[in-house]
Asker: 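Handing you a structure now.
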Amino acid sequence: MELKDYLHAAIQKVDQALDQFLPKAATKPATIHKAMRYSIFAGGKRLRPVLTLAAAEICGGTGENALLSACAVECIHTYSLIHDDLPCMDDDDLRRGRPTSHKVFGEGIAVLAGDALLTMAFELLAQAPAAARYGTAALVRELAGASGSRWLIAGQVLDLEGEGQPTTKAALKFIHEAKTAALLTCAIRLGAMSANATPSKLEALTRFGHALGLAFQVIDDILDVTQTTEKLGKTAGKDAAVTKATYPALFGLKRSREIAAELTEEALHSLTPFGKKSALLRSLTDSLLAREY
Ligand code: GRG
């Protein structure tokens, strides 16, 4: 199957499931449910839930069994974006091509919409079917770990504390692991776990997720410098404006592009055990290196 067709079908499945699982916009109190839906249906790339479905399939499982996990990860990701955009964090006006949640609903509701999506993630994941090797509690622990204070939140803390501060390559790599690679890897692992992946396949996909997540963030840093706000759907040039620690700031654009290519190569290499079955994940990986937003 062509990557474009696969993405179209997978995104449609995820969107339909999110629409089914999230409370309707009219559910009382309507403001919070409108705000949750506003951000979750704002046109994100759906990379993480697509990776969950693709990881399940490469391990011989079905997208169907991975759907609750896929939606849970997208809820966590969207919550992190809403909170990241708040005035007390990055203070951004634009996200996914639209005014940010706090611009539309006010700061209080934006905080609560993030909180509600975070909580919703675990309500969904708790209903995910267990596999022989991985019970539902293992899935819940996986997502809680990746989105907790050791990883996703750690990334945000270090990002906040690092603004305007000099950094080292190792420190920057850890920020990228925490704020991006951990949740992306978790998305992939949850898919594999839903398919009852063998420990060695789970391990290979964990290496894939780690390298892909780092490549994704290096490219995100590059795009912040090279693309326009219109193209990105979020404010371009923001990292340099707040002197955030980024790859282009530390290594320059040329070396950052080489690093992204090296990490992409590493991600592709980790798919070797899957042979021909990995064709789709390979083209998805290649397409992320070439992405423009
Ligand atoms: C827990 C508040 C909180 C934040 C967590 C730093 C951070 C982590 C979030 C800020 C946004 C950011 C730069 C995250 C890093 C990962 C990343 C590149 C997110 C954007 O992901 P895309 O491009 O977004 O997949 P879409 O909108 O397409 O889903």
Side-chain angles (χ1 to χ4, degrees), residues 7 10-11 14-15 18 38-52 70-71 73-92 94-98 100-102 107 110-115 117-119 121 143-163 172-188 209 212-225 227 229 231-239 242 244-247 260 263 284 287-289 291-293:
L7 290 179
I11 291 171
V14 170
D15 284 355
L18 284 167
Y38 174 82
S39 292
I40 213 131
F41 294 114
K45 290 184 284 298
R46 302 286 194 236
L47 171 64
R48 293 153 193 81
V50 165
L51 284 170
T52 306
C71 291
V73 173
E74 187 64 16
C75 286
I76 294 281
H77 170 59
T78 305
Y79 125 74
S80 79
L81 300 182
I82 295 174
H83 280 194
D84 181 60
D85 290 333
L86 288 168
C88 59
M89 302 260 181
D90 261 12
D91 193 9
D92 242 308
L94 194 70
R95 171 71 67 179
R96 293 176 162 173
R98 293 180 174 191
T100 45
S101 182
H102 65 272
E107 240 179 287
V111 169
L112 293 169
D115 292 344
L117 285 169
L118 165 61
T119 317
L143 187 62
S147 48
S149 59
R150 290 181 193 83
W151 294 108
L152 185 67
I153 291 174
Q156 184 74 344
V157 171
L158 295 172
D159 235 10
L160 276 178
E161 290 179 348
E163 283 178 11
L172 182 57
K173 187 175 176 207
F174 180 67
I175 295 178
H176 283 202
E177 282 170 337
K179 78 174 184 185
T180 311
L183 188 60
L184 213 129
T185 305
C186 171
I188 293 168
L212 185 71
L214 290 178
F216 188 79
Q217 186 57 54
V218 176
I219 295 159
D220 196 77
D221 285 1
I222 293 171
L223 295 178
D224 183 73
V225 180
Q227 291 293 349
T229 296
K231 188 90 180 180
L232 295 179
K234 60 183 179 183
T235 315
K238 195 76 199 289
D239 294 343
V242 296
K244 191 175 272 190
T246 64
Y247 272 73
L263 287 163
L284 178 55
S287 76
L288 290 177
L289 182 63
R291 75 193 169 100
E292 293 180 346
Y293 60 91

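Whatever order the structure lists ligands and atoms in, that order sets their numbers, starting from 1. Numbers here simply count residues along the sequence, with the first being 1.
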Asker: Can you check which of M89, K179, R48, H176 brings a heavy atom nearest to atom 17 (C) of ligand 1?
Answerer: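 It is R48 that holds the nearest heavy atom.
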Asker: How far is atom 8 (C) of ligand 1 from the closest protein heavy atom, and which atom is that?
Answerer: L152 CD1, 3.5 Å
Asker: In ligand 1, which numbered atoms sit nearer than 4.0 Å to a non-hydrogen atom of H83?
Answerer: 2 (C)
Asker: Only heavy atoms of G44, strictly under 4.0 Å: list the atoms of ligand 1 that pass.
Answerer: 26 (P), 27 (O), 28 (O), 29 (O)
Asker: Determine whether any protein heavy atom is located less than 4.0 Å from atom 2 (C) of ligand 1.
Answerer: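 At least one protein heavy atom is under 4.0 Å away.
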Asker: How long is the span from the CZ atom in R96 to the CG atom in L232, to the nearest 0.5 Å?
Answerer: 14.0 Å
Asker: Identify whether the distance between the nearest side-chain nitrogen and carboxylate oxygen of R46 and E74 falls below 4.0 Å.
Answerer: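 Salt bridge: yes.
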Asker: For atom 11 (C) of ligand 1, which protein heavy atom lies nearest, and how many Å away is it?
Answerer: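 It is D84 OD2, 3.5 Å.
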Asker: Nearest to atom 27 (O) of ligand 1, what protein heavy atom do you find, and at what distance?
Answerer: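 The answer is R96 NE, 2.7 Å.
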Asker: Quick one: side chains of residues 145-152, donor-acceptor pairs under 3.5 Å with protein atoms, not counting sequence neighbours, listed by atom name and distance.
Answerer:
residue : atom : partner : partner atom : Å
S147    : OG   : L143    : O            : 2.6

Asker: For K173, does the NZ atom have more than 12 heavy-atom neighbours from other residues, nucleotides or ligands under 6.0 Å away?
Answerer: no
Asker: Between K234 and D90, is there a side-chain N and carboxylate O pair less than 4.0 Å apart?
Answerer: no
Asker: Considering only heavy atoms of L81, which atoms of ligand 1 have at least one such atom less than 4.0 Å away?
Answerer: 11 (C), 27 (O)
Asker: As an exercise, identify every atom of ligand 1 less than 4.0 angstrom from a heavy atom of T180.
Answerer: 15 (C), 16 (C)
Asker: Taking the non-hydrogen atoms of D220, is any one of them nearer than 4.0 angstrom to ligand 1?
Answerer: yes
Asker: Can you see whether D92 engages T235 through a side-chain donor-acceptor pair at a distance of less than 3.5 angstrom?
Answerer: yes
Asker: Give the residue, atom name and distance (to 0.1 Å) of the protein heavy atom nearest atom 7 (C) of ligand 1.
Answerer: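 Answer, as residue, atom name and distance: Q156 OE1, 3.2 Å.
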Asker: Exactly one of L118, T119, I40 should register a side chain to side chain contact (heavy atoms under 4.5 Å, CB included) with C75. Which one does?
Answerer: I40
Asker: Could you pull out all residues at least two apart from E161 that satisfy side-chain hydrogen bond (donor to acceptor under 3.5 Å, both in side chains)?
Answerer: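 Partners of E161 by the side-chain hydrogen bond (donor to acceptor under 3.5 Å, both in side chains) criterion come out as none, since no residue qualifies.
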Asker: Under 4.0 Å from a heavy atom of Q217: which atoms of ligand 1 are those, numbered in the order shown and with their elements?
Answerer: 15 (C), 16 (C), 17 (C), 18 (C)
Asker: Show the atoms of ligand 1 that are less than 4.0 angstrom away from any heavy atom in Y79.
Answerer: 1 (C)
Asker: Between K244 and D224, does any NZ, NE, NH1 or NH2 come within less than 4.0 Å of an OD or OE carboxylate oxygen?
Answerer: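 Answer for the salt bridge query: no.
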Asker: Would you say F216 touches ligand 1, if touching means a heavy atom closer than 4.0 Å?
Answerer: yes
Asker: Nearest 0.5 Å, what's the CD1-CZ distance between I219 and R291?
Answerer: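 Result: 5.5 Å between the selected atoms.
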Asker: Considering only the protein, which heavy-atom contact is closest to atom 24 (O) of ligand 1, and what is its distance?
Answerer: H77 NE2, 3.5 Å
Asker: Please write down residue, atom name and distance for the protein heavy atom closest to atom 23 (O) of ligand 1.
Answerer: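 The protein heavy atom lying closest is K45 NZ, 2.6 Å.
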